[in-house]
Enquirer: 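Dumping the structure here so I can ask a few things about it.
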Amino acid sequence: TTSEVVQGWGDPDHEAALLEGDLAESGMTMLIVSHDGVPFAYAQHYDVRTWPQPHLQDLPPGTRAIDCFIGEPGMLGKGHGSAVLRQLARQLIEEGAPMVVIDPDPENHRARRAYARAGFRERGIAEAGEGPAMVMVFGP
């Protein structure tokens, strides 16, 4: 696990337990991302109304939120994360989502740059409950 994952997601054991609990949630789509057959990242997406978050409630119904990380240090800084997010966001739009949102910590400049390269636009900083988040949207 990279230090970026720990910084962005928190204690690995705690987060693993939360992810395990989400396996039973029908509204959560969980993905392991591979390159040349080697898993290197995790992504999940869900309808913003399924897990209400005040900073996302003004988005159109059906908007999908994405959470993600790259867990293999050797895959960082090579454009893989941006490519995966762009592909996933386009797929979600094609499947009917009016918009896709991601909300990194405003201080996580590496993630914000990667999300911008993927096509997400910064909408502004909002209070997300655990602290501030930079709301970034993909779509109209």
Enquirer: Do you know the tightest heavy-atom contact between Ala114 and Ser82?
Expert: O-OG, 2.7 Å
Enquirer: Do the non-hydrogen side-chain atoms of Tyr46 and Asp67 ever get within less than 4.5 Å of each other?
Expert: yes
Enquirer: Test Val33 against every option in Val84, Leu88, Val38 by the side-chain contact (heavy atoms from CB on, under 4.5 Å) rule and name the one that passes.
Expert: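 Exactly one option meets the side-chain contact (heavy atoms from CB on, under 4.5 Å) with Val33, and it is Val84.
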Enquirer: How close do Pro132 and Pro106 get, counting heavy atoms only, and between which atoms?
Expert: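 In terms of heavy atoms, the two residues are closest at O-CD, 3.2 Å.
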Enquirer: Do Val48 and Gln53 have side-chain heavy atoms sitting under 4.5 Å apart?
Expert: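 The answer is no, as the side chains (C-beta and beyond) never meet within the 4.5 Å cut-off.
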Enquirer: Can you tell if the side chain of Ile32 reaches within under 4.5 Å of the side chain of Tyr42, non-hydrogen atoms only?
Expert: yes
Enquirer: Per the ring-ring contact (aromatic ring centres under 6.0 Å, His included) rule, what does the pair list look like for residues 110-137, sequence neighbours excluded?
Expert: Phe120-Phe138
Enquirer: Let me confirm one number: the CG-CD distance from Asp105 to Glu130, rounded to the nearest 0.5 Å.
Expert: 10.5 Å
Enquirer: Find out whether Cys68 and Leu85 are in side-chain contact, i.e. whether some heavy atom of one side chain is under 4.5 Å from a heavy atom of the other.
Expert: yes
Enquirer: Atom NE2 in His45, atom CZ in Arg64: separation rounded to 0.5 Å?
Expert: 5.5 Å
Enquirer: To the closest 0.5 Å, what do you measure between NE2 (His55) and CE (Met134)?
Expert: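 Between His55 NE2 and Met134 CE, I get 11.5 Å after rounding to 0.5 Å.
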Enquirer: Quick one: does Val137's side chain get under 4.5 Å of Val100's, heavy atoms only?
Expert: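 No, every pair of side-chain atoms sits at 4.5 Å or beyond.
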Enquirer: Arg49 side chain to Gly62 main-chain N or O, any donor-acceptor pair under 3.5 Å?
Expert: no
Enquirer: Rounded to the nearest 0.5 Å, how far does CD of Gln57 lie from CG of Leu59?
Expert: 8.0 Å
Enquirer: Using modelled atom types and a 3.5 Å cut-off, is there a donor and acceptor pairing between side-chain atoms of Arg123 and backbone atoms of Met136?
Expert: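 Checked: no pair found.
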Enquirer: Does the side chain of Phe40 come within less than 4.5 Å of Ile70's, by heavy atoms?
Expert: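 Yes - at least one pair of side-chain heavy atoms lies under 4.5 Å apart.
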Enquirer: What's the separation between atom CZ in Arg117 and atom CZ in Arg86, rounded to the nearest 0.5 Å?
Expert: 9.5 Å
Enquirer: Can you name the side chain to side chain donor-acceptor pair (under 3.5 Å) partners of Asp47, sequence neighbours left out?
Expert: none
Enquirer: Should Leu56 and Thr63 count as side-chain neighbours, where that means a heavy-atom distance under 4.5 Å?
Expert: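 Not in contact.
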Enquirer: Is the count of non-hydrogen atoms from other residues, nucleotides or ligands lying under 6.0 Å from Gln87 atom CD greater than 12?
Expert: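 Open: at most 12 neighbouring heavy atoms sit under 6.0 Å from CD of Gln87.
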